[in-house]
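What follows is a single structure, written as structure tokens, with notes after it.
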Amino acid sequence: MKINILTLFPNMFDIFNHSILGKAQNNNLLNIEAINIRDYTKSKHKKVDDYPYGGGAGMVIAAQPIVDAIKATKKINTGKVIFLGPRGKTFNQSIAKELANEKELIFVCGHYEGIDERAYKYFDMEISLGDFVLTGGEMACIPIVDSICRLVPGVLGKEESFQDESFYQGTLEYPQYTRPEIFEEERVPQVLLSGHHENIRKWRRAKSLEITREKREDLFNKIKLSKEDKKLLKST
């Protein structure tokens, strides 16, 4: 997957050169590159923002450098142009799975008080991280790109690495344990030590459903419970 991120602060995305996504880039599974919007301004002083018409606090990023950056990037990346902004649909695992199927993507990060409205027609999609305010689109872009890239085949090594995780199947993940078997007098559940794969599967599914019902009723109410699910819940 090829991803270009248009931003005023490209160094913020050096984080993708480390850990799992860094290894995936080294293995040519991902290509993540930040592009500086400031490089496309026609201002001789590299200015990209100005005061808002009508007055008000803060500065607004001009349409020209954003639009020219998008046009230039489209020559090397034909993917959807996604703006990180408050008007967009709230990001979730379903959107992550959808976008993970794309070959190329372009993200645009806003900053300051916003961007000139005339740039919006160049966006194919707008995504919000949630109903709260961040210092810039970069802070939203990092977790969104991470969430998408980890679903690209080969990035995590095995598909099972993410299929059982929270939200992937619409539920929260079951409890996890590792050594030692006893910690502060609390033991690992015996079923996980049994080696009985079917019983372990049922225990994990039951716990996943139980935790989702307790912690995220909104998610639980969307689950289509099978006969086995209903039976497992009764046993918890």
Side-chain angles (χ1 to χ4, degrees), residues 1 3 19-21 24 29-30 79-80 82-103 105 107 124-134 137 139-179 181 183 186-236:
M1 172 180 278
I3 293 178
S19 189
I20 292 172
L21 298 195
L29 296 171
L30 300 173
K80 294 178 180 178
I82 302 171
F83 180 63
L84 287 310
R87 303 178 190 175
K89 186 175 181 180
T90 302
F91 187 72
N92 57 30
Q93 190 69 13
S94 177
I95 296 175
K97 288 192 284 186
E98 174 189 337
L99 294 178
N101 291 320
E102 300 287 334
K103 297 295 184 183
L105 292 170
F107 288 90
D124 299 305
M125 185 177 184
E126 184 171 358
I127 293 176
S128 169
L129 197 58
D131 296 335
F132 51 90
V133 181
L134 296 169
M139 304 303 290
C141 189
I142 290 171
I144 288 172
V145 169
D146 180 81
S147 180
I148 293 167
C149 287
R150 67 196 308 279
L151 299 180
V152 173
V155 170
L156 293 185
K158 294 182 179 180
E159 191 175 5
E160 293 85 352
S161 295
F162 59 77
Q163 284 193 341
D164 288 332
E165 291 177 334
S166 294
F167 307 115
Y168 190 83
Q169 302 289 357
T171 59
L172 298 179
E173 191 175 6
Y174 49 78
Q176 297 277 15
Y177 298 87
T178 188
R179 296 176 182 177
E181 183 179 333
F183 175 71
E186 185 176 357
R187 289 180 173 273
V188 174
Q190 188 59 40
V191 64
L192 299 180
L193 307 175
S194 67
H196 195 297
H197 298 300
E198 179 63 9
N199 287 347
I200 291 173
R201 182 194 67 79
K202 289 181 178 179
W203 180 89
R204 285 176 168 171
R205 178 62 177 172
K207 286 296 181 182
S208 179
L209 291 168
E210 181 183 12
I211 290 171
T212 305
R213 181 173 60 184
E214 178 184 346
K215 304 290 186 181
R216 290 291 303 273
E217 187 177 1
D218 58 320
L219 290 177
F220 183 79
N221 290 336
K222 296 177 183 179
I223 302 171
K224 294 182 179 180
L225 297 174
S226 65
K227 291 182 179 179
E228 181 185 63
D229 289 339
K230 294 176 183 178
K231 186 176 179 180
L232 290 172
L233 280 171
K234 287 181 179 180
S235 67
T236 59

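Here the closest heavy-atom approach between residue E102 and residue M1 is recorded as O-CE, 2.9 Å. In this structure, T236 and A206 approach most closely via the heavy-atom pair CG2-CB, 3.8 Å. Pairing each heavy atom of G85 with each of S128, the nearest pair is O-CB, 3.3 Å. When every heavy atom of L232 is checked against every heavy atom of R205, the shortest pair comes out as CD1-CG, 3.8 Å. In terms of heavy atoms, I200 sits closest to S194 at CG1-OG, 4.3 Å. In this structure, L129 and T90 approach most closely via the heavy-atom pair O-CG2, 4.1 Å.
When the shell of 6.0 Å around CZ of F183 is examined, it contains 12 or fewer heavy atoms from other residues, nucleotides or ligands. Heavy atoms from other residues, nucleotides or ligands lying under 6.0 Å from CD1 of I20 number 12 at most. Other residues, nucleotides and ligands contribute only 12 or fewer heavy atoms inside 6.0 Å of the CE atom of M139. The number of heavy atoms from other shown groups lying within 6.0 Å of CG (N221) is above 12.
The CG atom of L21 lies 9.0 Å from the CZ atom of R150; values are rounded to the nearest 0.5 Å. Here the straight-line distance linking atom CD of E228 with atom CG of L209 works out to 9.5 Å at 0.5 Å rounding. Distance CH2/W203 to OG/S235: 12.0 Å, rounded to 0.5 Å. Note that SG of C149 and CG of L105 are 8.0 Å apart. Values are rounded to the nearest 0.5 Å. To the nearest 0.5 Å, the span separating CD1 on I144 from CD1 on I3 amounts to 11.0 Å. With values rounded to the nearest 0.5 angstrom, E210 atom CD is found 4.5 Å from K207 atom NZ.
With a 4.5 Å cut-off on side-chain heavy atoms, F91 and L84 do not count as touching. The shortest side-chain heavy-atom distance between E126 and P86 falls under the 4.5 Å cut-off. With contacts defined as side-chain heavy-atom distances shorter than 4.5 Å, the pair L225/L233 qualifies. You'll find the side chain of Q93 reaches within 4.5 Å of the side chain of L151, heavy atoms only. In this structure, T178 and Q176 have side chains that are not in contact, with every pair of non-hydrogen atoms separated by 4.5 Å or more.
A salt bridge links R201 with E198: at least one charged nitrogen is closer than 4.0 Å to a carboxylate oxygen.
The main-chain N or O of P143 is never found under 3.5 Å from a side-chain atom of D146 such that the two would form a donor-acceptor pair. Between the side chain of T212 and the main chain of L172, a donor-acceptor pair closer than 3.5 Å is present.
By the salt bridge (Lys or Arg N to Asp or Glu O under 4.0 Å) test, E217 is found to be paired with no residue, residues two or more places apart in sequence or in another chain being considered.
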Original post:
So L99 and I82, side chain to side chain contact (heavy atoms under 4.5 Å, CB included) or not? Walk me through it.
Top reply: CA-CA 10 Å; L99 294 178; I82 302 171; 3.9 Å; yes
Side-chain donor/acceptor pairs under 3.5 Å, residues 186-193, sequence neighbours excluded:
none

